[in-house]
A.B. asks: 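Please find one structure pasted underneath; my questions will follow.
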There are 2 protein chains.
Amino acid sequence: MRTETVENYLKTIYNLSSDNTAVVTNQKLADKLNINPASVTEALRKLHELKYVVYEKSYGTRLTATGAKMAIDMVRRHRIWETYLAKELGFGWDEVHEIAEELEHVKNDKLINKLAELMGNPSFDPHGDPIPDAKGKFQKNKFVNLSEGKIKGAYKIMGVSDHSPVFLKYLEKHQLIIGAEVQVKNIEEVDGSLVVLCNKKEVIVSPKVAGNIIVAVK
Amino acid sequence: MRTETVENYLKTIYNLSSDNTAVVTNQKLADKLNINPASVTEALRKLHELKYVVYEKSYGTRLTATGAKMAIDMVRRHRIWETYLAKELGFGWDEVHEIAEELEHVKNDKLINKLAELMGNPSFDPHGDPIPDAKGKFQKNKFVNLSEGKIKGAYKIMGVSDHSPVFLKYLEKHQLIIGAEVQVKNIEEVDGSLVVLCNKKEVIVSPKVAGNIIVAVK
DNA sequence: ATTATCTTTTAGGCATGCCAAAATTAATAA
DNA sequence: TTATTAATTTTGGCATGCCTAAAAGATAAT
Ligand SMILES: [Mn+2]
Ligand SMILES: [Mn+2]
Ligand SMILES: [Mn+2]
Ligand SMILES: [Mn+2]
C-alpha cells in the first residue's frame with residue numbers, strides 16, 4: 001500500500017543514501033522522521049515485504065528499483081511544489097519545505113506536470129537541489145562545498161544542504177543566497193572561519209555554515 | 001483533534017444541512033462519505049465529545065458554532081483550490097473536485113489566502129458555488145432551479161448542484177456551462193423535459209438534468 | 001577476551017478509523 | 001394497535017502506525 005507513511009519512508013531513505021546505493025541505518029531514519037527506532041524496525045519489515053526496500057536485520061536498508069522509482073517521484077513532487085510556492089506564490093525559501101511536505105502527497109501526476117510545465121520545467125528547486133523530470137532523470141551537478149574554498153577563490157552559490165528556516169533566514173540576512181557570487185578573502189587560523197566578500201560586504205562564515213553552502217568554482 | 005477525518009465529517013455535515021441548522025441523518029452521512037453507518041455513529045460520538053457537533057442519538061446531528069466555523073473553513077479551502085485548478089492550471093470543471101478533496105487538507109491559511117488573492121478573491125467556484133471569504137462570510141445568492149423554468153422564460157446558468165464528472169461532461173457537451181444564456185422553448189407534456197435554446201441550438205433537457213442546473217431569471 | 005556502550009529488535013500496548021453481524025429503536029403499513 | 005421494514009447502535013474485530021521498556025546484538029575500549 002502506498003500510504004503517506006510509505007511515501008515518507010521511501011523519500012527519506014532516498015535522501016539519506018545520497019550516493020545512490022548506500023545503506024541507511026535505522027537510527028538515521030528514526031532521527032529524520034522523528035520516530036522511535038522500534039517503529040522504524042517495524043516499518044522496514046513491511047517495506048521489505050512490499051519489495052520497496054531490501055532490509056537486512058541489524059545491518060541496514062537500501063531501496064529496490066521499485067522503491068527508488070517511488071522515492072524519486074516523491075522528490076520530484078516535493079521540489080516542484082517548493083519551486084512553485086517560491087516562484088509563483090512568493091513564499092520565502094525558508095517557508096516552502098514545510099508546506100511541500102504536505103502537498104507532495106497529493107496523488108495527481110497531471111497536477112505536478114502542469115505546475116512544472118507552467119514554470120518551464122525547472123531543473124533546480126529554491127534550495128538548489130535538482131528536480132528529476134517526469135521520467136525520473138536528473139541533471140547531475142558537480143559542485144563543491146564552500147568549506148573547501150581557498151583564499152582568493154571566487155565561487156557562486158548554487159545550493160544549500162541545510163533546509164531549516166533558521167539557517168535559511170540567516171543566509172538571507174547576509175545575502176548569501178542562490179546565485180550570489182562570493183570571494184574568499186581570508187581563512188581564520190583560529191577556527192577555520194571564512195572571511196568572504198559578498199555583495200561588496202565582508203561576511204564571516206563559520207565552518208558549520210560554510211559546510212552547508214554548495215558552490216560552483218568560478 | 002483536527003484530523004483529515006474530522007475535517008471531512010464537518011464539511012460533509014455542513015454540505016448536507018444546506019439550510020443552515022437542519023439536522024443531518026447518519027444514513028446520509030454514511031452515503032456521502034462512503035462509510036459504514038456503524039462507523040458514522042462512532043465518529044459522531046467523538047465529534048460530539050469534541051464539541052464540534054450536537055449529536056442526539058437516533059435523531060440526528062448539527063454543527064456547533066465551532067464546528068460550523070471549521071466546516072466553512074474547509075468549504076473555503078475546497079472551493080479556492082477548485083477555482084485555482086480550473087482558472088490558473090486549466091483543469092476542467094469535471095476534474096477539479098477530486099483533486100481539491102486532497103488539497104483542502106493542507107494546513108496553511110497563508111497558502112489559501114495567497115491563492116485567493118492571486119485570483120482577485122473570487123466569490124464563486126467553477127460549479128457556481130459561493131466561496132466564503134477569510135472571515136467565513138459568503139455572498140448569498142438567490143437563484144432558482146432550471147426545472148422551475150417556464151415556457152418562453154430566459155435564464156442564465158449560474159451553477160450546478162451535481163458535481164460528478166459524468167454530469168459535468170454532459171453539460172459541457174451541450175454548452176450548458178456557467179454563464180450560458182438559455183431560453184425555454186417548450187416543456188414536453190410526456191416527461192416534463194425542457195426544450196431550451198442555448199447558443200442558437202436546441203437542446204432537450206431532462207427533468208433530472210434540469211433539476212441540477214441553477215439559474216438566474218433574466 | 002571482557003566489559004561498557006550504543007544500536008536494533010522484541011514484546012506488549014494504545015489510539016484512530018474502519019467493518020460485519022447482531023440487537024435495538026423508530027417509522028410505516030396493515 | 002400490531003406487524004413489518006428501515007435506520008441506528010452495540011459488540012467484537014481488524015489494520016495501520018505509533019510508543020515504552022526490556023532483551024539481544026554489534027562495536028569499541030581496556
Ligand atoms: Mn511527506
Ligand atoms: Mn528543496
Ligand atoms: Mn476531504
Ligand atoms: Mn465546487
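Lettering of chains follows the sequences in order, A, B, ..., and the numbering in each one begins at 1. Note that the structure is a prediction, hence the values are computed from the model and not measured.
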A.B. asks: Mind checking Asn26(B) for me? I need base, sugar-phosphate or nothing, with any heavy atom below 4.0 Å counting as a touch.
C.D. replies: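 Sugar-phosphate: the residue Asn26(B), judged by heavy atoms under 4.0 Å, touches backbone atoms but no base.
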A.B. asks: Would you kindly give the CG-to-C1' distance between Leu44(A) and dT7(C), to the nearest whole Å?
C.D. replies: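 For the pair Leu44(A) CG and dT7(C) C1', the rounded distance is 14 Å.
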A.B. asks: Less than 4.0 angstrom between a side-chain N/O of Arg45(B) and OP1 or OP2 of dT10(D), yes or no?
C.D. replies: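 Looking at the OP1 and OP2 atoms of dT10(D), one of them is under 4.0 Å from a side-chain N or O of Arg45(B).
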A.B. asks: Looking only at side-chain N and O atoms, does Thr41(B) come under 4.0 Å of OP1 or OP2 in dT9(D)?
C.D. replies: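 It does, given that an N or O in the side chain of Thr41(B) lies less than 4.0 Å from OP1 or OP2 of dT9(D).
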A.B. asks: Looking at every strand, decide which applies to Ser58(B) at a 4.0 Å heavy-atom threshold: base, sugar-phosphate, or nothing.
C.D. replies: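 Sugar-phosphate, no base atom in range.
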A.B. asks: Can you identify which nucleotide, out of dA20(C), dT20(D), dC18(C), has its nearest atom closest to the Ser39(B) side chain?
C.D. replies: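 That would be dC18(C).
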A.B. asks: To the nearest 0.5 angstrom, please state how far the NZ atom of Lys11(B) sits from the CD1 atom of Ile72(B).
C.D. replies: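 These two atoms lie 14.0 Å from each other.
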A.B. asks: Could you tell me how far apart Asp31(B) (CG) and dT8(D) (C1') are, to the nearest whole angstrom?
C.D. replies: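 Rounding to the nearest Å, CG of Asp31(B) and C1' of dT8(D) are 14 Å apart.
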A.B. asks: Want to settle it: does Tyr59(B) or Pro37(A) sit nearer the 5' end of DNA chain D, counting the closest nucleotide to each?
C.D. replies: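 With Tyr59(B) and Pro37(A) compared, the 5'-side residue is Tyr59(B).
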A.B. asks: Is the His163(B) ring parallel, tilted or perpendicular to the His127(B) ring (thresholds 30°, 60°)?
C.D. replies: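 The rings of His163(B) and His127(B) lie parallel, inter-plane angle below 30°.
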A.B. asks: Once hydrogens and angles are ignored, does a donor-acceptor distance under 3.5 Å link the base of dC6(C) to the side chain of Gln27(A)?
C.D. replies: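 Side chain to base: no pair below 3.5 Å.
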A.B. asks: Please work out if Thr5(B) contacts a base, only the sugar-phosphate, or nothing of the nucleic acid, heavy-atom cut-off 4.0 Å.
C.D. replies: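 The answer is sugar-phosphate, as Thr5(B) gets under 4.0 Å only of primed atoms, P, OP1 or OP2.
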A.B. asks: Can you identify which nucleotide, out of dT8(C), dG17(D), dC18(D), has its nearest atom closest to the Ile35(A) side chain?
C.D. replies: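 That would be dC18(D).
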A.B. asks: Taking the nucleotide of DNA chain D with the closest heavy atom to each, which residue, Glu56(B) or Val6(A), is nearer the 5' end?
C.D. replies: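 First, find each residue's nearest nucleotide; the 5'-ward one identifies Glu56(B).
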A.B. asks: I want to verify a distance call: between dT20(D), dA20(C), dC18(C), whose nearest atom is closest to the Asn36(A) side chain?
C.D. replies: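 The listed nucleotide nearest to Asn36(A)'s side chain is dT20(D).
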A.B. asks: Has Arg76(B) got a side-chain atom pairing as donor or acceptor with Gly136(B)'s backbone, closer than 3.5 angstrom?
C.D. replies: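 Such a contact is absent between Arg76(B) side chain and Gly136(B) backbone.
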A.B. asks: Which one, dT16(C), dC18(C), dT20(D), comes nearest to the side chain of Lys46(B)?
C.D. replies: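 For Lys46(B), the side-chain atoms sit closest to dT16(C).
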A.B. asks: Just the rounded figure in Å: distance from C1' of dA15(D) to CD of Glu49(A).
C.D. replies: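 In whole Å, dA15(D) C1' lies 15 Å from Glu49(A) CD.
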A.B. asks: For Leu33(B) and dG17(C), give me the distance from atom CG to atom C1', rounded to whole Å.
C.D. replies: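 Rounded to whole Å, this separation is 12 Å.
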A.B. asks: Does the Thr64(A) side chain pair with the main chain of Tyr52(A), one donor and one acceptor, at a distance under 3.5 Å?
C.D. replies: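 Yes, because the side chain of Thr64(A) sits within donor-acceptor range (under 3.5 Å) of the backbone of Tyr52(A).
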A.B. asks: Are any of Lys57(B)'s side-chain N or O atoms less than 4.0 Å away from OP1 or OP2 of dT10(D)?
C.D. replies: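 For Lys57(B), the contact criterion (side-chain N or O under 4.0 Å from OP1 or OP2 of dT10(D)) is met.
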A.B. asks: Would you mind checking if Asp73(B) and Lys69(B) are paired as a salt bridge, meaning a charged N to carboxylate O distance below 4.0 Å?
C.D. replies: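 Asp73(B) and Lys69(B): not salt-bridged.
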A.B. asks: At 4.0 Å (heavy atoms only), tell me whether Tyr55(A) reaches a base, stays on the sugar-phosphate, or touches nothing.
C.D. replies: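 It contacts sugar-phosphate atoms only.
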A.B. asks: Under 4.0 Å between a side-chain N/O of Thr3(B) and OP1 or OP2 of dT16(C), yes or no?
C.D. replies: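 Answer no for this pair, as no side-chain N or O of Thr3(B) is under 4.0 Å from OP1 or OP2.
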